[in-house]
S.K.: 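Can you keep this structure in mind? I'll have questions shortly.
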Amino acid sequence: MGERRPHDASGDICVIVPTIREYECLREYVANAREHGFDVSRLHFVLVTEDFCDVDEMRAMLDDLDVSGEVFDGARREEWYEANDVAEYGHVVPAASHAETSFGLLYMWADESFEYGLFIDDDTLPHDDEDYFGRHMENLAFEGEIERVSSDESWVNVLYQNADEHGLYPRGYPYSAMDETVEMDTVEIESGEVVASQGLWTNVPDLDAVRILMDGDLEGQAQTRTTADDFGDDFVAGRGNYLTVCSMNLAFRREVIPAFYQLPMDDNEWEVGRFDDIWSGVFLKRACDVLGKRIYNGRPLCEHNKAARSTFDDLHNEVAGLELNEHLWELIDDAGADADDYAAVYDAMADRLADGEFDEYRNGAFFTHVGEHMRDWLDCLDAIRRTPAVADD
């Protein structure tokens, strides 16, 4: 069980799906690929799940779909760590947390034939009229003129295009950066400059619990919904501007993995949760600005069908980190300015957090905890790179 992946799998796109519930959504994504003529043999699915889930049914689904893929519950992840000589770093991926997507990144890193990764959440579906995988690959290969968005608050609301109508700000957008003045122009993008493609979402918007409560919804979903009409042209955020990066519908190039660790949430003494992808996006955007790269935003859209759950449960998971989220971006905003690769930028940001003093913030010690885990992430990647591949049987 320590193989990098089955010997008959040759795809260059690793599709990472954290799931404990609605894994059957993959049927719609595979159907979309086939209907639009996308080469399904390029896709290798990695389902990251838990020991209490029906792993056999997940494997049976992959077989029924006739696609390449593997399923990793907690026990299988432990076996993978042992087989790849990184058991000492197993703590970088928290148990029973959405941040388990980081295991998929480790899995990708161990197999150099993966050129691209793609995160899909199990409560989403593709839009039938759009080539989901093809559009993400087109975005990553994009070159030409595109809309550039910035603001006087150094933050871009990815839902800005119809904000005058719906008034929404996505999960992770700092409260102190609201009521911003949006500025738009165009910029010329070179080939290879786009390293991540963030697809946005219709139906249930990705909001935090405070904003959902303000929208009058007690079931964690928000009363205000989004449609395809709420989204205009695709765009990038200007240099020096941050944006929320949600991992429910996101493609990326292999090269960003050192700076794209999905942060350790939920399983910590401060009970900070729900910012794994948000903070990873802050760090990735800083790295992109230093290295001259871009995050592409817009299509392909996905339909987000978030299950009903108590808004107050989400609030409990978020409130411990709300103050920290207001300040994280400021703390790393000038880190790694002279770095020449992702790992070097990330190491500088890790030092800023691990060595800092944050007593003025409630739960400020969590920043130190995150910085230490960021260092361990880089060490784990180095260890994987030094480990020879396990031979196929």
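Residue numbers run from 1 in the order of the sequence given. The analysis underlying the following values was restricted to heavy atoms, covering all of them including side chains, and did not include hydrogens, waters or symmetry mates.
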S.K.: Between R135 and E130, does any NZ, NE, NH1 or NH2 come within less than 4.0 Å of an OD or OE carboxylate oxygen?
M.R.: yes
S.K.: Using modelled atom types only, decide if a donor and an acceptor are shared between the side chain of T124 and the backbone of D121 within a distance under 3.5 Å.
M.R.: yes
S.K.: Tell me yes or no: between the side chains of R274 and N317, is some donor less than 3.5 Å from an acceptor?
M.R.: no
S.K.: Answer with yes or no whether the side chains of H304 and T202 bring together a donor and an acceptor at under 3.5 Å.
M.R.: no
S.K.: Salt-bridged, R352 to D334, with N to O below 4.0 Å?
M.R.: yes
S.K.: Less than 4.5 Å apart, any side-chain heavy atom of M137 and any of S197?
M.R.: no
S.K.: Mark yes or no: R286 above the aromatic ring of F283, with NZ or CZ under 6.0 Å from the six-membered ring centre and no more than 45 degrees from the axis.
M.R.: no
S.K.: Within 45° of the six-membered ring axis of F260 and under 6.0 Å from that ring's centre, is NZ or CZ of R254 located there?
M.R.: no
S.K.: Taking the six-membered ring for Trp and the full ring for Phe, Tyr or His, determine whether the centres of H136 and F133 are under 6.0 Å apart.
M.R.: no
S.K.: If you take all heavy atoms of V46 and C14, which pair is closest and at what distance?
M.R.: CG2-SG, 3.7 Å
S.K.: Find out whether E153 and Y242 are in side-chain contact, i.e. whether some heavy atom of one side chain is under 4.5 Å from a heavy atom of the other.
M.R.: no
S.K.: For the residue pair P258 and Y342, what are the closest heavy atoms and their distance?
M.R.: CB-CB, 4.2 Å
S.K.: Between F103 and F72, is the ring centroid distance below 6.0 Å?
M.R.: yes
